[in-house]
Amino acid sequence: MAERKEAERKAKEEAERKAMEEAERKAKEEAERKAKEEAERKAKEEAERKAKEEAERKAKEEAERKAKEEAERKAKEEAERKAKEEAERKAMEEAERKAKEEAERKAKEEAERKAKEEAERIAKEEAERKAKEEAERKAKEEAERKAKEEAERKAKEEAERKAKEEAERKAKEEAERKAKEEAECNSYKSMIEDFVSDIKECEYKDGIIFGKKKKIHYVANPITKRIWNAVVNKSSEADFDDNDFVPQKELGTFLENLNSYYSGKIVFEYLHKNIHALVHLQVYEKQDKNACFVYIKEEN
């Protein structure tokens, strides 16, 4: 029994040893295979890199060769162009020189001919010159006289024209000014009429406890800077805010101007001068405490 177990142990160890050796052999073969594949891959990549570099070198040399040939061709063409231009320039200069010499020769001959004719003409005209000068002097004096008269006439007409234009301009400006003032007047008047058009009735007591009932008619619209400007300055300027009220201390001549506008037909008074009516309206009618109002004084 012990011998059989020993035999089984040894058989097992032998089997394990052989399995380990087989595993090591396979691992070694796998490592060698991978190393071979890696070496082949690197060799292939190196070959491809060198092939690419060779192709790029050849392409670069070909580009440089073509660039050199193109530069040589352009240099040759430029040299030929300049040589042609130089030849044309010299030919042109030669033609111009000959033409100039011919022109100078003809000019000299013409000058000599004219000098001869001039001498003959002077001799012939000398007798006529004095008579001609006298006639020209008289004609010149006549022309100057007429020119002076014409200038004076035009200056007079121009002065009259400018005076007429200035008069017309002033008349036009005056008409426009009056029309503007009329429009402004109608506009600010309309603003005043609109201001006093909203008349309301107020019934109040003239005392806290035993006060008597009284009535007034007041303008419901508050005194804004816009209506103040229309009444005091007689202007329809509208560049004011509707809630831009005029404080009591800044009312100035507003009431005097408003009463003057109605020429005694209606007499207004500031509502804050009637303290009982003012308090009543502020409490019961929720009238704005920051604004000033007017009422019709005769009806108080």
Side-chain angles (χ1 to χ4, degrees), residues 1-99 191 194 198 220-229 236-250 281-293:
M1 184 74 174
E3 291 176 355
R4 186 168 61 85
K5 285 184 179 181
E6 179 64 19
E8 288 175 354
R9 183 184 64 77
K10 288 182 179 181
K12 183 180 179 182
E13 288 177 352
E14 180 65 17
E16 289 174 349
R17 183 185 62 77
K18 288 181 179 182
M20 184 179 290
E21 287 177 353
E22 180 64 16
E24 289 175 351
R25 182 185 64 78
K26 287 182 178 180
K28 182 179 179 182
E29 287 176 353
E30 179 65 15
E32 290 174 348
R33 184 186 63 78
K34 288 183 178 181
K36 182 180 179 183
E37 288 177 352
E38 179 65 15
E40 290 173 349
R41 183 185 64 78
K42 289 183 177 179
K44 183 180 178 182
E45 288 178 352
E46 180 65 15
E48 289 174 348
R49 182 185 63 76
K50 288 182 177 180
K52 183 180 178 182
E53 289 177 351
E54 181 64 16
E56 290 174 348
R57 182 187 63 77
K58 288 182 178 180
K60 181 179 179 182
E61 288 177 353
E62 179 64 15
E64 290 173 348
R65 181 187 65 78
K66 287 183 178 179
K68 182 179 179 182
E69 289 177 353
E70 179 66 13
E72 290 173 349
R73 182 187 64 76
K74 288 183 178 179
K76 182 180 178 182
E77 289 177 353
E78 180 67 12
E80 290 173 349
R81 183 186 63 77
K82 288 184 177 179
K84 182 180 178 182
E85 288 178 351
E86 180 65 15
E88 290 174 348
R89 182 186 63 78
K90 287 182 178 180
M92 186 176 180
E93 287 177 352
E94 181 63 17
E96 289 174 349
R97 183 184 63 77
K98 289 182 178 180
M191 290 177 65
D194 289 344
D198 190 4
N221 295 313
I223 303 173
T224 64
K225 287 189 177 179
R226 180 179 292 147
I227 189 61
W228 185 92
N229 189 50
S236 60
E237 183 180 351
D239 191 20
F240 295 101
D241 190 282
D242 288 338
N243 296 321
D244 200 359
F245 303 135
V246 180
Q248 285 186 26
K249 62 181 181 180
E250 296 179 12
L281 288 171
Q282 288 179 349
V283 173
Y284 296 102
E285 302 297 331
K286 305 301 181 183
Q287 195 179 67
D288 197 321
K289 294 181 180 180
N290 296 317
C292 294
F293 298 82

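Residue indices begin at 1 and follow the sequence shown.
Listed by chain and residue number, H280 satisfy the ring-ring contact (aromatic ring centres under 6.0 Å, His included) test with Y284 (two or more places apart in sequence, or in another chain). Partners of N221 under the side chain to side chain donor-acceptor pair (under 3.5 Å) rule, at least two apart in sequence or in another chain, do not exist in this structure. Annotation: side chain to side chain contact (heavy atoms under 4.5 Å, CB included) contacts of A220 (sequence neighbours excluded): D198, K200, Y218. Residues passing the salt bridge (charged side-chain N to carboxylate O under 4.0 Å, His left out) test with K50, sequence neighbours excluded: E46. Residues forming a side chain to side chain contact (heavy atoms under 4.5 Å, CB included) with D194 (at least two apart in sequence, or on another chain): S190. Under the side chain to side chain contact (heavy atoms under 4.5 Å, CB included) criterion, E250 pairs with V246, P247, sequence neighbours left out. Residues that satisfy the salt bridge (charged side-chain N to carboxylate O under 4.0 Å, His left out) test with E53, not counting sequence neighbours, are R49. Among residues two or more places apart in sequence or in another chain, the salt bridge (charged side-chain N to carboxylate O under 4.0 Å, His left out) test is passed with E48 by none. Applying the salt bridge (charged side-chain N to carboxylate O under 4.0 Å, His left out) test to E21 and every residue at least two apart in sequence or in another chain returns R17.
Here the shortest heavy-atom pairing between C292 and Q248 reads SG-CG, 3.4 Å.
Between the CG atom of D244 and the CZ atom of R226 there is a distance of 9.5 Å, given to the nearest 0.5 Å.
Residues D288 and F245 form a side-chain contact, since some pair of their non-hydrogen atoms from C-beta on lies under 4.5 Å apart.
Around the CD atom of E3, the shell of radius 6.0 Å holds no more than 12 heavy atoms that belong to other residues, nucleotides or ligands.
Between R4 and E8 there is a salt bridge, with a side-chain nitrogen of the basic residue lying less than 4.0 Å from a carboxylate oxygen of the acidic one.
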